[in-house]
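Before any comments, here is the structure.
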4 protein chains.
Amino acid sequence: MTGPHPSRPHTGRRRNDAAREAILDATFELLAGGHTAGVTIDAIAEAAAVGRQTIYRWWPSKGAVVAEALARQGRRLAPVRDSGSAAADLTSFLTDSFVALQDPGMVHALRELAAAAQQDEHAAQVLQDFTAQRRAELRALLARGQHRGEFDAAADLDMLVEMAYGVLWYRALISRDPLDSGAAGRLSAQILIAARKVQE
Amino acid sequence: MTGPHPSRPHTGRRRNDAAREAILDATFELLAGGHTAGVTIDAIAEAAAVGRQTIYRWWPSKGAVVAEALARQGRRLAPVRDSGSAAADLTSFLTDSFVALQDPGMVHALRELAAAAQQDEHAAQVLQDFTAQRRAELRALLARGQHRGEFDAAADLDMLVEMAYGVLWYRALISRDPLDSGAAGRLSAQILIAARKVQE
Amino acid sequence: MTGPHPSRPHTGRRRNDAAREAILDATFELLAGGHTAGVTIDAIAEAAAVGRQTIYRWWPSKGAVVAEALARQGRRLAPVRDSGSAAADLTSFLTDSFVALQDPGMVHALRELAAAAQQDEHAAQVLQDFTAQRRAELRALLARGQHRGEFDAAADLDMLVEMAYGVLWYRALISRDPLDSGAAGRLSAQILIAARKVQE
Amino acid sequence: MTGPHPSRPHTGRRRNDAAREAILDATFELLAGGHTAGVTIDAIAEAAAVGRQTIYRWWPSKGAVVAEALARQGRRLAPVRDSGSAAADLTSFLTDSFVALQDPGMVHALRELAAAAQQDEHAAQVLQDFTAQRRAELRALLARGQHRGEFDAAADLDMLVEMAYGVLWYRALISRDPLDSGAAGRLSAQILIAARKVQE
DNA sequence: AGTTAATCGAGACGGTACGTCAGGTCTTGGC
DNA sequence: GCCAAGACCTGACGTACCGTCTCGATTAACT
């Protein structure tokens, strides 16, 4: 029986946040690494230089770890900007989001997460919360445009947001069509049309 | 491991199609049954009163069976109609599609399929083919409207189709929001706006 | 997966006896190998080039495997002979038995078995059966002497047998004193005294 | 893990010998409790209202604790008496020893100890020392008889002692035959025969 | 009608990953 | 400064499925 990993000392009875970070980092790296075989708890534990039990102590299942690791990473990409033009902001936000997913690792991670969420209630919950937050950000972007008069006051912003993210996830999970800036532009264009004009 | 020699005519016992049907039926029932634990090959074989090897003889993996079982079922729901009004046809098609997924078994099956497709290349292929075909049907519906002059000649039909199916799958897999007729109507409305008016 | 239908004979693949042999051989080798760490199921499976499940399919616990492996080996050593003199037979039997346990591997194996039996009901049962059989053999040896008039007709053969095996196991498990031929001779002598003369 | 035991507060910087006693008491109680699952360090620590580290501070391993707890208890049972007749003393000593082990808890504890000793060098050492001491006591009893002329001057006292304890442990660990006073009497009788008469 | 060979249900096989349990080490904070 | 509490790493456990490999029985086409 050996002691803890040499470079990361134990912290005692309190939770060791370094271990938590190491687990989430290792999980994301494995996810993005595109390893054909699904990411396993063993692999995460080994990559994080952590005991398996430490993972199970803080997360109820593998899916929950995967979900949290990816949600954490997702928040760092595709920030919402405010340039004064909601139309421009929408386009650049969608372009950023799509382009970030051109990294094969990111799509792969997204797919692993989606797969985990279908089989794991905890992962589903984390995914639901994360995407709800992302939708709220995009909705706020559109609401700004609506206030400024760029968009119709009666525009169904919630549905427009769903359409935007719907296409993103549909391409990532189902059709596997490329998530390039061209697609982002065309998607953005359709949403803007619908946002500007509710009735003839 | 190889098949019969090509120069020698086939003499052995022929494939039992009843077994094939039983496998697909049992698979779909298990999918729709909403069993918490993921559908397993063992469960399918037992439910179909079939040996495991019989499944592996005809499908390359579990995902492929799941995908085929579900695709077969999917084709029976939500037929495309032609009433003369593409707008009306779109709305009723989307409503039919959404409402069919209000059956908890159907959504559950869809989720299992999506999960399988993320980890199984065969399932991914079947899912891609199936959804491409469904998109083609919806696109044809919109194209009819375009030819009749209901929609703008320059409308980006492909993207509109993606937006429609995107919302459907997004609700089914990610947000788990209800797939009710209200949502179908709102979605239909946004698509019609974008289809009718490309530019001011 | 349930068992075969009672009205239909067994049709599945038969048990692979080579695997059974390999498991028992590997177990005994590991036992005798004197590996400090207790023999594990993983180690047995790997040494036997067998899946872990194959072990669990046929034995209820690790202890049961260990017990069977050792009992099988034990039967091959220290055969009971019949030279015409029960006294000589007893001495040579005890000497053979002790000397066989001078092999460090054999004692080690015996200790592992005893340890397993204290914690595992299955192993305890196998050990009990095995030792009962060994006692019966030794008792038969003494009974021959009794019939021939070498020993007192009222001698308590059962207790004498227990005393013989008691010393053997006591040295192996508790005192760890050497199991040499000297000890065997002294033990044999005491038993012969008690066997010959019940009362003054 | 519950809170600290209410009746034994921390003692601060000074070493708490009450903790040591509590650990040995709790260990023996758990051993004798006959809990199916092997006694664990966690269970001992909890029962003794002690931190795990406090156990490891004073004992090198679980086996050592178990061994010491049982040896301490063993010394309190089956005292050697001196009635003037070594034969009578032997019989009553063996009867006392056997009967003490009719308590299921005691046999269970003995088995746990034996199991621990096979896998733990520390426990083996404690067991060896303890049993050596017990043998010495019994040998002294027999030596008194020898000096008084009750037994043959050439009697092999060491082997006789081994035979007595051998039967005790053999019944406890291997055959699981009852350790009743009848068996003790029969065993005592055989030993006395051998002790009295070395040769015709 | 008999021969031939591929199919069938059944289930044992070698594996991989799971989630749990226990052992022994180390740190924190209370007393 | 001792001690409870408990987080930590390690590693074995027994289970669940996977996909493959026999078995003996069945059955359809070709003799």
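So you know, we letter chains A, B, ... as the sequences are listed, proteins then strands, and number each from 1. Not measured: the values here are computed from a predicted model.
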In whole angstrom, what separates [X]'s [atom1] from [N]'s [atom2]?
X: B:D17; N: F:dA28; atom1: CG; atom2: C1'; value: 14 Å
X: B:I44; N: F:dG19; atom1: CD1; atom2: P; value: 11 Å
X: C:R14; N: F:dC23; atom1: CZ; atom2: P; value: 9 Å
X: C:E46; N: E:dT16; atom1: CD; atom2: C1'; value: 14 Å
X: A:Q119; N: E:dC18; atom1: CD; atom2: P; value: 12 Å
X: C:E112; N: F:dA12; atom1: CD; atom2: P; value: 13 Å
X: B:D42; N: F:dA16; atom1: CG; atom2: P; value: 11 Å
X: C:I23; N: E:dC13; atom1: CD1; atom2: P; value: 8 Å

### Message
By nearest heavy atom, map C:R20 and A:S61 onto DNA chain E; which one lands nearer the 5' end?
### Response
C:R20

### Message
On DNA chain E, compare the nucleotides closest to A:P60 and B:A19; which residue's is nearer the 5' end?
### Response
B:A19

Partners meeting side-chain hydrogen bond (donor to acceptor under 3.5 Å, both in side chains) with [X] (sequence neighbours left out):
X: D:E121; value: none
X: D:R72; value: D:E21, D:D25
X: B:E68; value: B:R20, B:W59
X: C:Q128; value: none

### Task
Provide the closest heavy-atom pair for C:A116 versus C:G63 in the form atom of the first, atom of the second, distance.
CB-CA, 3.9 Å

### Task
Mind listing the closest non-hydrogen atom pair of A:E112 and A:L31 along with its distance?
CB-CD2, 3.5 Å

### Any residue of residues 47-59 of chain C with a heavy atom less than 4.0 Å from an atom of DNA chain E
C:A49, C:V50, C:G51, C:R52, C:Q53, C:T54, C:R57, C:W58

### Query
Can you tell me if the side-chain N/O atoms of B:K62 get under 4.0 Å from OP1 or OP2 in F:dC18?
yes

### Task
Kindly say if C:R13 contacts the phosphate of E:dA12, meaning a side-chain N or O under 4.0 Å from OP1 or OP2.
no

Atom pairs and distances, donor-acceptor, side-chain atoms in residues 45-53 of chain C, under 3.5 Å, two or more places apart:
residue : atom : partner : partner atom : Å
C:R52   : NH1  : C:D42   : OD1          : 2.5

